[in-house]
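For reference, the structure is listed below as structure tokens.
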Amino acid sequence: MDEKIQKKLAILSDAAKYDVSCASSGSTRKNTGNGIGNGVAAGICHSFTDDGRCISLFKILMTNHCMYDCAYCVNRRTNDRPRATLSPQEIVDLTIGFYRRNYIEGLFLSSGVIKNPDFTMERMVLTAKKLRAEENFYGYIHLKAIPGASPELIEEAGIWADRLSVNMEIPTEPNLKKLAPEKNYPDIISPMTQIRNSILISKEERRKFRSAKQFAPAGQSTQLIVGATPETDREIILLSSGLYQNQNLKRVYFSGYLPVNDYDKRLPAISRPPLVRENRLYQSDWLMRFYHFKAEEILTEDHPFLDLDVDPKLGYALRNMHLFPVDINKADYEMILRVPGIGVLSAQKIIMARRHRRLTTLTLKELGVVLKRARYFITCNELAAKFSDWDPVRLKRQLVINTHSKYRKSPDTQLELFADFKPVLPTLH
Amino acid sequence: MKIYTYDNSFEGLLTAVFECYRRKDFPVDICARNVQSRHLFLENVDIQTDPQKAERVWNGVQAKMSDANKQLLFYAFLSEEQGIEMKIYRFLRRLFSGYMNLETDYGDLDVMALTQSSQKVKKEAMRIMQFVRFQRAKDGMFFCGIEPKFDVLPLVVTHYQKRFADQRWLIYDLQRNYGVYYDKNKVEEVEISKKQFNAFNGQVKQALLDEGEDFYQKLWCSYFKHINIEERKNLRLQLQHMPRRFWKYLPEKQAGA
Ligand code: SF4
């Protein structure tokens with residue numbers, strides 16, 4: 001018995017690893033005193049795998065059997081690989097067993113499609129319901145909505161789950177049709193829209209009555225595969241910024257394409273996933289969400305791909321040298337945020353600190369500003385801008401050498417050499 | 001020129017501050033009794049901790065600090081950094097002289113240093129929320145022995161109490177030799193003299209473990225291995241987020257796991 005579970009767990013976690021989301025943030029579910037679990041708004045990472053990714057949730061497929069044949073997926077029906085299915089009760093037991101030992105923040109349940117979308121979704125919803133209703137579980141639950149599942153099931157999923165997601169995977173409709181002929185865009189967009197609306201309604205209701213039911217209180221997310229199809233970075237960024245605005249998504253995840261089915265000639269032949277590109281996309285995403293950048297400021301029509309050598313914030317500064325240097329003691333918050341080497345927290349502290357006294361480079365350093373980069377773009381008390389005589393091309397070379405001098409210039413395959421690479425939480429200074 | 005000595009507790013430090021005001025002193029140093037040898041030739045004023053005096057100072061601090069920073073000085077104190085007392089003392093002098101929003105004056109060396117020390121302590125508390133691994137004992141209690149860099153168990157008690165409201169648990173600080181125990185009702189501080197666990201890595205003696213414990217640890221290790229993507233291997237990043245000093249407590253990082 002135990003051995004059987006162990007085997008299934010191995011197969012189904014292996015099959016679940018391609019979903020990059022593991023965030024447990026946004027839940028404020030409060031234990032009422034006799035249950036197990038409690039949400040922490042910021043989320044907690046309990047471990048980190050050898051690839052450096054955070055383990056926050058117990059991320060598992062209910063089954064890796066699938067009736068579909070999506071070209072980019074290991075679980076497609078034509079692949080000959082070990083298959084397994086966990087029952088809702090088995091998933092509940094594993095989740096609780098892990099949670100009680102403080103291994104995890106909760107469950108992220110996804111699944112291949114068996115019989116039909118509704119049959120699959122029903123069992124996933126049942127699992128979440130058991131956790132909440134039978135186990136008094138207040139930890140985090142993220143459920144994947146199976147495209148094509150009925151609106152009633154999606155509605156119920158939102159009652160038990162903290163977060164729901166529908167993965168878009170392929171950024172444009174024609175390419176999706178090519179790689180996943182059995183799927184279609186409306187099947188993805190319509191649950192997304194339904195979830196958005198239900199979240200809005202529930203928020204509105206709860207403003208009036210505290211007792212109104214919550215619906216996916218931690219919001220909705222999606223994932224896009226990068227590099228399996230020829231879309232440009234600009235297309236991807238515009239799409240994700242549209243998803244944030246129109247569908248109110250909490251997060252758009254990017255997953256560098258892993259060549260799992262290299263026999264399929266519809267897919268590009270690559271040996272390693274495009275991790276630098278994926279990281280640059282995350283950084284751009286960060287710029288839009290926390291640094292008040294607009295998609296059009298990050299990529300222009302004539303430069304539709306992100307520069308792999310420099311992060312997009314530095315790229316922006318180099319293209320817009322006329323906006324710099326910025327006077328740290330006078331400039332407004334928005335402009336300070338745009339200085340390479342200054343993060344959101346540092347920017348906020350700068351604004352507060354300069355009400356007390358004029359700031360010097362020493363203070364900036366203590367505040368966590370990366371002066372090696374910032375000094376070319378700022379003036380402060382005793383420090384005149386260092387860059388006035390630099391032209392952007394030379395400056396870029398200087399900064400790139402500064403950052404990576406220890407490493408030779410690395411193609412994607414050498415990614416572990418980049419100290420600052422973080423897949424899910426990119427650093428942006 | 002005087003130095004003040006105290007018993008190395010936060011209350012003691014606050015009492016010392018109280019006494020400075022009462023005696024109109026401005027000591028050149030405030031330090032714990034056992035480290036006073038730094039100042040062999042100075043006049044020494046030894047302070048007896050007085051909870052009432054300490055509380056009066058603390059209430060004064062609470063009234064003047066913003067919500068987000070109410071605990072700033074306590075956290076900074078927990079960092080056990082050498083010289084932290086005088087930084088706190090000078091901070092309090094300015095605070096009580098009526099300076100507004102003092103805690104955001106990052107251009108001041110004391111404010112900056114206290115902010116950084118407090119952040120270090122908060123980060124350690126966060127790590128204790130991340131890397132505690134409970135082992136279930138035969139009697140149903142969940143145990144974890146761990147060694148925080150600073151004395152942060154008190155900072156994580158509420159977190160664990162809310163989260164594991166329906167199970168008995170004990171988190172034990174192996175280095176400071178005390179733990180917090182929750183019996184589904186209340187939390188108390190305990191010191192264990194007869195240890196049924198390994199004082200180095202906190203492992204409970206095999207004979208006392210619940211039968212299911214091994215099973216869950218094995219499953220967890222297997223999960224840890226299979227959720228990894230080999231093509232993205234990045235051990236540097238893993239190490240950055242999960243410092244090596246915690247590995248000995250983590251089942252998933254044991255050899256043969
Ligand atoms: S439906 Fe999902 S699990 Fe099935 S082949 Fe497509 S991507 Fe894979």
Side-chain angles (χ1 to χ4, degrees), chain A residues 2 5-6 9-11 13-14 16-18 30-31 33-38 40 44-55 58-60 94 97-98 100-103 136 138-139 256 258 272-273 275 349-350 352-360 363 366-367 415-416 419 421-423, chain B residues 99 101-109 111-113 115-116 126 129-136 142 144 159-167 169 184 212-213 215-220 222-242 250-253:
Chain A
D2 287 3
I5 293 269
Q6 210 169 332
L9 179 81
I11 294 172
S13 47
D14 194 81
K17 67 188 179 193
Y18 303 97
K30 289 278 167 279
N31 194 327
N34 48 9
I36 168 175
N38 200 49
V40 169
I44 297 179
C45 292
H46 286 279
S47 195
F48 292 86
T49 35
D50 288 356
D51 55 23
R53 294 189 304 166
C54 154
I55 301 184
F58 172 39
K59 180 162 57 178
I60 191 94
L94 285 168
F98 284 176
R100 286 202 182 282
R101 288 166 176 78
N102 204 42
Y103 297 167
N136 277 321
Y138 291 88
L258 278 161
R272 301 283 307 262
L275 295 184
K349 283 191 170 149
I350 286 171
M352 291 190 274
R354 71 185 189 187
R355 297 203 184 110
H356 297 276
R357 60 184 82 210
R358 288 182 69 78
L359 305 181
T360 65
T363 325
E366 299 278 323
L367 283 175
L415 194 83
E416 51 269 33
F421 169 65
K422 288 187 189 172
Chain B
Y99 194 96
N101 299 320
L102 178 57
E103 67 263 36
T104 60
D105 183 12
Y106 301 111
D108 175 69
L109 288 180
V111 176
M112 194 64 225
T115 307
Q116 283 170 344
M126 183 62 190
M129 297 184 206
Q130 296 178 274
F131 303 129
V132 154
R133 296 285 186 271
F134 284 121
Q135 309 154 62
R136 190 186 166 114
F142 288 80
C144 169
H159 168 81
Y160 281 106
Q161 196 178 351
K162 280 196 199 136
R163 169 161 297 209
F164 299 113
D166 72 337
Q167 74 190 40
W169 50 263
K184 297 201 209 178
E213 182 55 33
F215 173 59
Y216 278 107
Q217 287 197 19
K218 260 205 206 112
L219 287 176
W220 174 244
S222 158
Y223 175 71
F224 180 78
K225 204 166 77 201
H226 285 100
I227 203 72
N228 174 52
I229 298 183
E230 191 50 37
E231 295 92 323
R232 304 182 60 125
K233 192 164 178 171
N234 190 340
L235 294 175
R236 178 206 291 263
L237 189 61
Q238 180 190 42
L239 193 61
Q240 182 189 326
H241 289 304
M242 197 158 70
L250 308 174
E252 68 268 30
K253 291 306 283 177

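Residue numbers begin at 1 in each chain, while the letters A, B, ... track the order of the sequences.
Proximity to chain A is absent for every atom of B:Gln135, based on heavy atoms less than 4.5 angstrom apart. With a 4.5 angstrom heavy-atom cutoff, A:Ile55 touches chain B only via side-chain atoms. Residue contact with chain A, scored on non-hydrogen atoms closer than 4.5 Å, involves the backbone and the side chain of B:Met129 alike. Only the side chain of A:Leu258 comes within contact range of chain B, with at least one heavy atom under 4.5 Å from a heavy atom of that chain. For B:Gln116, the part lying under 4.5 angstrom from a heavy atom of chain A is the side chain only. Only the side chain of A:Thr363 has a heavy atom closer than 4.5 Å to any heavy atom of chain B.
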Can you list the steps and then say if A:Leu275 with B:Arg232 is a side-chain contact (heavy atoms from CB on, under 4.5 Å)? CA-CA 8 Å; A:Leu275 295 184; B:Arg232 304 182 60 125; 3.3 Å; yes

Under the side-chain contact (heavy atoms from CB on, under 4.5 Å) criterion, do B:Tyr106 and A:Leu359 qualify, and how do the steps go? CA-CA 9 Å; B:Tyr106 301 111; A:Leu359 305 181; over 6 Å; no

Worked verdict on B:Leu102 versus A:His356 for side-chain contact (heavy atoms from CB on, under 4.5 Å): CA-CA 9 Å; B:Leu102 178 57; A:His356 297 276; 5.9 Å; no

With side-chain contact (heavy atoms from CB on, under 4.5 Å) as the criterion, how do B:Leu219 and A:Gln6 come out once you've worked through the C-alpha distance, each side chain's angles and the decisive distance to 0.1 Å? CA-CA 6 Å; B:Leu219 287 176; A:Gln6 210 169 332; 3.7 Å; yes

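Without hydrogens or angle criteria, A:Asn102 side chain to B:Phe134 main chain gives no donor-acceptor distance under 3.5 Å.
In terms of non-hydrogen atom pairs under 4.5 Å with chain A, the most contact-rich of B:Cys144, B:Ala113, B:Ala165 is B:Ala165. Counting heavy-atom pairs closer than 4.5 Å to chain B, the top-ranked of the candidates A:Gly35, A:Ala16, A:Gly139 is A:Gly35.
Taking 4.5 Å as the limit, some side-chain heavy atom of B:Glu213 sits within range of a side-chain heavy atom of A:Arg101. A heavy-atom distance below 4.5 Å is not found between the side chains of A:Arg355 and B:Asn101. Side-chain contact between B:Thr115 and A:Glu366 is absent, with no heavy-atom pair separated by less than 4.5 Å. The closest side-chain heavy-atom distance from A:Lys17 to B:His226 is not below 4.5 Å. Residues B:Glu252 and A:Thr49 form no side-chain contact, since every pair of their non-hydrogen atoms from C-beta on lies 4.5 Å or further apart.
Of the residues listed (B:Phe224, B:Tyr223, B:Tyr216), the one engaging A:Phe58 in a ring-ring contact (aromatic ring centres under 6.0 Å, His included) is B:Tyr223, and it is the only one.
Rounded to the nearest 0.5 angstrom, B:Lys162 NZ and A:Tyr138 OH are separated by 14.0 Å. A distance of 4.0 Å separates CZ in B:Phe215 from CG in A:Asp2, rounded to the nearest 0.5 Å. The CG atom of A:Asp50 lies 12.0 Å from the CD1 atom of B:Ile229; values are rounded to the nearest 0.5 Å. Rounded to the nearest 0.5 angstrom, A:Arg100 CZ and B:Gln167 CD are separated by 5.0 Å. A distance of 12.0 Å separates NZ in B:Lys253 from CZ in A:Phe48, rounded to the nearest 0.5 Å. In this structure, CD on B:Gln130 lies 8.0 Å from SG on A:Cys54, to the nearest 0.5 angstrom.
Using cut-offs of 30° and 60° for the angle between ring planes, the B:Trp220 and A:Phe98 rings count as perpendicular.
Nearest heavy atoms, A:Pro273 versus B:Glu231: CD-CB, 4.1 Å. In this structure, B:Asp108 and A:Arg357 approach most closely via the heavy-atom pair CB-NH2, 3.5 Å.
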